[in-house]
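Take a look at the structure below.
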Number of protein chains: 2
Amino acid sequence: MARPREFCIDQALFKALNVFWRHGFEGASLTDLTEAMGITRPSLYAAYGNKEELFRKALDLYDETYMGFTQEALKKPTARAVAESLLMGFAEAATAVGHPPGCLGTNSVLVCSEASEPIREELMRRRASLEATLRRRFEKAKAAGELPPESHPGDLARFIMTTVHGMSIQAAGGVTRQSLLRVADMALKAWPD
Amino acid sequence: MARPREFCIDQALFKALNVFWRHGFEGASLTDLTEAMGITRPSLYAAYGNKEELFRKALDLYDETYMGFTQEALKKPTARAVAESLLMGFAEAATAVGHPPGCLGTNSVLVCSEASEPIREELMRRRASLEATLRRRFEKAKAAGELPPESHPGDLARFIMTTVHGMSIQAAGGVTRQSLLRVADMALKAWPD
DNA sequence: GCCATAATATACCGATCAGTCCAGAACCGT
DNA sequence: ACGGTTCTGGACTGATCGGTATATTATGGC
């Protein structure tokens, strides 16, 4: 009973995601965003709220679209298989064609002006969340006697996530998939047995 | 034969370095910088050129002041000792008190707007430079029979630098020195023997 | 004391930032 | 055909961005 929206919300959000991915939250201007999305500013604000909300929605879409493999990885039968699946998955995701290199959650806001602090904190929260999930998975494995008694699930999770973040930076610097897969392979050599 | 400068160039540069470290290149505004440095804009431009040149000078000062340990690490007698020294050194540097957490070279520009592309490329160049130096050191070690013949110096250097970059991100997220040292320790378990 | 020189502080520049006002246009229900 | 409602486009807001013109002030040499 009113004028219909002339663009697809999810499709335009996908375009926005790519801009944020390439330029980060602060580096992506509203002009960049609206041009890529093919809509005007009032349409953007009516549909998504503001730049910050748009970014959070883009982040959710990113998780659904590109980070699904992490949930699959967590289902692997052994802790080592989980670690391997995560490392290999990130190496491949960070170097896939069709989108910018690296991980959005890692690269888009690391340091920023005071104004973007809430977004920075949100990203830190999400990074910590995956690490905590991983740690719990490793704790379960240790309790099941699958990891040696002297191993520390928290350290293992932190090491895996550290490698993952590092791979994201390397990918942003142009490092190839094959190279990152070898990095993942080498990281697995540190795994306890 | 002219009015003397009322501030110390190196001391003010040090203040600027801290602002860039905390907020990144784009996140640090000229207002932030001049307030921290205790000087006015014209003084800043007369002394350092512009924001970009100021950042490059701050980067040089950063290398001299905080990255000296890398040169020391490269002088260690064995490849493994080099790797260990680098990892431990970065873990400690990234979590030292008195300055922001993480590594300036890693965190200050990862993704950015088109306008800052030259700075981003400069940082990628510097990151790649250290990795190349490390690779050459490992090649020497391999030639000396110190590393197994099937080892790949390039992969080893890339793995170390990936861990280092990841530690910088973890530090920026508030991870403690002890935790990063354990990450470094675990990474060393992947070292060939 | 006075000049040349260079650093200072204020006030400003055009450009761009995120965000919004408003007029017109497209739709649905009646 | 006509309201009521919602989206669209362009023009605009105040604030902030990096950078600068200008007038003043402090110095050393003469």
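Note that this is a predicted model, so its numbers are computed, not measured.
- Taking Ala132(A) as the reference, Arg135(A), Arg136(A) meet the side chain to side chain contact (heavy atoms under 4.5 Å, CB included) condition, with sequence neighbours excluded.
- For Met124(B), the side chain to side chain contact (heavy atoms under 4.5 Å, CB included) partners two or more places apart in sequence, or in a different chain, are Arg120(B), Glu121(B), Arg127(B).
- At a cut-off of 3.5 angstrom, the base of dG9(D) holds no donor-acceptor pair with the side chain of Arg41(A).
- Of the residues in residues 43-52 of chain A, those with a non-hydrogen atom less than 4.0 angstrom from any atom of DNA chain D are Ser43(A).
- When the side-chain hydrogen bond (donor to acceptor under 3.5 Å, both in side chains) test is applied to Ser179(A), the partners found at least two apart in sequence or on another chain are Arg158(B).
- Met186(A) is connected to Leu87(B) through a chain of hydrophobic side-chain contacts under 4.5 Å among Ile, Leu, Val, Met, Phe, Trp and Tyr, so both are in one cluster.
- The list of side-chain hydrogen bond (donor to acceptor under 3.5 Å, both in side chains) pairs with a residue in residues 87-105 of chain B, not counting sequence neighbours, reads Thr95(B)-Arg177(B).
- The side chain of Thr40(B) contributes an N or O atom lying less than 4.0 Å from OP1 or OP2 of dA9(C).
- Among pairs with a residue in residues 4-19 of chain B, those fulfilling side-chain hydrogen bond (donor to acceptor under 3.5 Å, both in side chains) read Arg3(B)-Glu6(B), at least two apart in sequence or across chains.
- A straight line from CD of Glu35(A) to P of dG9(D) spans 14 Å, rounded to a whole angstrom.
- Atom CZ in Phe55(A) sits about 16 Å away from atom C1' in dA18(C), given to the nearest Å.
- Taking the salt bridge (charged side-chain N to carboxylate O under 4.0 Å, His left out) definition, one finds that Lys76(B) meets it with nothing, sequence neighbours left out.
- Between the side chain of Glu146(A) and the main chain of Ala79(A), a donor-acceptor pair closer than 3.5 Å is present.
- One interatomic measurement links the two molecules: CZ of Arg5(B) to P of dT8(C), which rounds to 6 Å at whole-angstrom precision.
- When Tyr62(A), Tyr48(A), Trp21(A), Phe25(A) are each tested for a ring pair (Phe, Tyr, Trp, His ring centres under 6.0 Å) with Phe55(A), only one passes: Phe25(A).
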Report each atom pair, protein N/O against N/O of nucleotides 14-16 of chain D, whose distance is under 3.5 angstrom.
none

Protein-nucleotides 24-26 of chain D N/O pairs under 3.5 Å:
| residue | atom | partner | partner atom | Å |
| --- | --- | --- | --- | --- |
| dT25(D) | O2 | Arg3(B) | NH1 | 2.9 |

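- Scanning both residues, Thr31(B) and Thr34(B), for their nearest heavy atoms gives O-OG1, 3.3 Å.
- With sequence neighbours left out, Glu53(A) forms a side chain to side chain contact (heavy atoms under 4.5 Å, CB included) with Asn50(A), Lys57(A).
- Residues Pro192(A) and Lys142(A) form no side-chain contact, since every pair of their non-hydrogen atoms from C-beta on lies 4.5 Å or further apart.
- As rounded to whole Å, 16 Å separates atom P of dT16(C) from atom CG of Leu33(A).
- Contacts between residues 16-28 of chain B and DNA chain D, counted as heavy-atom distances below 4.0 Å, involve Ala28(B).
- Between Met37(A) atom CE and dA18(C) atom P the separation is 13 Å, expressed in whole Å.
- Nearest approach of Ser113(B) to His23(A), heavy atoms of both residues: CA-ND1, 4.1 Å.
- Distance Glu53(B) CD to dG19(D) C1': 13 Å, rounded to the nearest Å.
- Under the rule for a side chain to side chain contact (heavy atoms under 4.5 Å, CB included), the partners of Ala58(B) that lie at least two apart in sequence or sit in another chain are Leu13(B), Leu17(B), Phe20(B).
- Listed pair Thr31(B) / dC17(D) meets the phosphate criterion, a side-chain N or O lying under 4.0 Å from OP1 or OP2.
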